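No experiment lies behind these values; they were computed from the predicted model shown.
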Amino acid sequence: MANPWTGEVALTIDGERRVLKLTLGALAELEQELGAGSLVELVQRFESGAYSSGDVLALIVAGLRGGGGNVNRADLLSAEIEGGPMAAARAAAELLARAFMVPEQA
């Protein structure tokens, strides 16, 4: 079960409910993967809607890794995400938002 108070988001991938979380290490990997100059730039990309499906995929991979999963981009290329690409994008945006919320905002 995902705990929003700790920044977790749940997403069902290949029929398995998975917990995603952006740890500091996962965020650093995400910045490097997406070529973002800063966390602010990364957040602005998603807030403005100027993100690609590749950005969503990278965010989901980072969240899975931060949640304890041993996954990489290739593992998700043919994965079935419940709710499809839009559910993945919503989960990615929620994951990023929760990473920067203080508990009273969640």
- Would you mind checking if Glu94 and Arg90 are paired as a salt bridge, meaning a charged N to carboxylate O distance below 4.0 Å? no
- Query: In Å and rounded to the nearest 0.5 Å, what is the CG to CG distance from Leu22 to Leu27?
  - Reply: 4.5 Å
Could you list the donor-acceptor pairs under 3.5 angstrom formed by side chains in residues 73-84, with sequence neighbours left out?
unit_1, atom_1, unit_2, atom_2, d
Arg73, NH1, Glu33, OE2, 3.2
Asp75, OD2, Asn72, N, 2.8

- Please collect all side-chain hydrogen bond (donor to acceptor under 3.5 Å, both in side chains) contacts where either partner lies in residues 9-19, sequence neighbours excluded, each pair once. none
- So, for Ala2 and Ala10, which heavy atoms are closest and what is the spacing to 0.1 Å? CB-N, 3.6 Å
- Task: Indicate yes or no: at least one non-hydrogen side-chain atom of Leu39 is less than 4.5 angstrom from one of Phe100.
- Result: yes
- Message: By the ring pair (Phe, Tyr, Trp, His ring centres under 6.0 Å) test, which pairs, at least two apart or in different chains, include something from residues 49-70?
- Response: Phe46-Tyr51
Enumerate, atom names and distances included, each donor-acceptor pair closer than 3.5 Å involving a side-chain atom of residues 58-70, sequence neighbours excluded.
unit_1, atom_1, unit_2, atom_2, d
Arg65, NE, Glu29, OE1, 2.9
Arg65, NH1, Val71, O, 3.1
Arg65, NH2, Glu29, OE2, 3.4

- Task: Write down the atom of Leu30, the atom of Leu42, and the distance for their closest heavy-atom approach.
- Result: CD2-CD2, 3.6 Å
- Item | Heavy-atom pair of closest approach, residues Gly35 and Glu41 | O-OE2, 4.0 Å
- Item | Residues that Glu8 engages under side-chain hydrogen bond (donor to acceptor under 3.5 Å, both in side chains), provided they are two or more places apart | none
- Under 4.5 Å between side-chain heavy atoms, hopping through other hydrophobics if needed: is there a path connecting Val19 to Val56? no
- Item | Minimum heavy-atom distance Lys21-Ala26, with the two atoms named | O-CB, 4.4 Å
- Query: Listed by chain and number, what are the side-chain hydrogen bond (donor to acceptor under 3.5 Å, both in side chains) partners of Arg45, not counting sequence neighbours?
  - Reply: Asp55
